[in-house]
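This report refers to the structure that appears directly beneath it.
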Amino acid sequence: MRLTLIGFGTVGQSLIKILAIKKNELIKKFGLNPKVVAIVDSKGAAIDEKGIDPFKAIKVKQLKNSISWIEGIGHFGMSAIDVIKNVETDIVIEMTPTNISNGEPGLSHIKTAIFNKRHVITTNKGPLALALPSLMELASYNKVKLRFSGTVGGGTPILNFAKKCLLGDKIISIKGILNGTTNYILTKMHKEELSMEEALKEAQKLGYAEADPSYDIEGIDSACKLVIIANWIMNKRISIKDVKIEGIKKVTLKDVNEAKKRGNAIKLIGELNEEAFVKPMEIPTVNPLCVNGSLNAVSFNTENSGEITIVGKGAGGKETASAIIRDLIDIKFNLLKLYGG
Ligand code: HSE
């Protein structure tokens, strides 16, 4: 299985490292033997149909800031679109940062890959929040798979859980903490009385925040995830403009402390029922949703099984890389028709 990686930051580097370390296990357990034939970053590309050495790629990227410096196989200035069109590959893994204004450049990467009959795995929320229904149709028309489990919950299989484990039950509503950065910030304000600015700096250092952290703070990242859940899980054809969004900017230490006195904590909650909204809400600290640090938690209110909550790490390089590997296995199994879908 030939892979092309678009974007080579924390997630991309974690991905090729895990693929290399787990090579034998992935072959033995899943018959999955991926070969990275191309990597693209903002300055250029590296291409090798025999497979790019993962450790050399990481070293060059970290030392010289671009994959194009790899001797013999580096191409300065080569664009992702050129690589997607011209390098023979089975799956394009799109990991460029989220842009919510127009979804670019991720949206064009995904569309080009689909038009060229490549399966797509993406961790980029922008294109999905703006155009998930049409991208799903485009993929189905071109008979390729589009997978994105890393976009919601990072390594925590929130989408897969709802799609596969809750089969046969009806999900009535969904409510959850969908953003690790704001949860980290609100937890630090609650437990250590840290200011929002200081806590955000820490979250950025730990690699949780978006390239543009206002996406986290203003609730946009949570709203993107809500849109993805709505389309993929609940068959609601909505986009980000249908979500009422309020971020945590106005939450003060005083608000947090007052909530604390009442046995509550302020959390940035995304909710999907007849409406879709994101806003800071006070919830009891004993509620299963009230998780701390960068954790995400989502409660599914189901018709027959009642409320089910899934909790786990919602951000981070190797966590998101783990979601990509899950998608790779899912595509492989789908192609082998080991299960429907
Ligand atoms: N910035 C996001 C978060 C990253 O904090 O949850 C994972 O989507």
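In listed order, ligands and their atoms are each counted from 1.
Within the structure, ring pair (Phe, Tyr, Trp, His ring centres under 6.0 Å) pairs that include any residue of residues 275-294 do not occur (at least two apart or interchain). The ring pair (Phe, Tyr, Trp, His ring centres under 6.0 Å) pairs that include a residue from residues 204-244 are Phe148-Trp232, Tyr184-Tyr208, where partners are two or more places apart or lie in different chains.
Not counting sequence neighbours, the partners of Asn292 by the side chain to side chain donor-acceptor pair (under 3.5 Å) test are Lys267.
Salt-bridge annotation for Lys188 and Glu198: absent, with no side-chain N of the basic residue lying under 4.0 Å from a carboxylate O of the acidic one. With salt bridges taken as basic N to acidic carboxylate O contacts below 4.0 Å, none links Asp90 and Arg118.
Within 4.0 Å of ligand 1, counting heavy atoms only, the contacting residues are Lys125, Asn179, Gly180, Thr181, Tyr208, Ala209, Glu210, Asp216, Asp221, Lys225, Gly314, Ala315.
Scanning both residues, Leu178 and Gly270, for their nearest heavy atoms gives CD1-CA, 4.4 Å.
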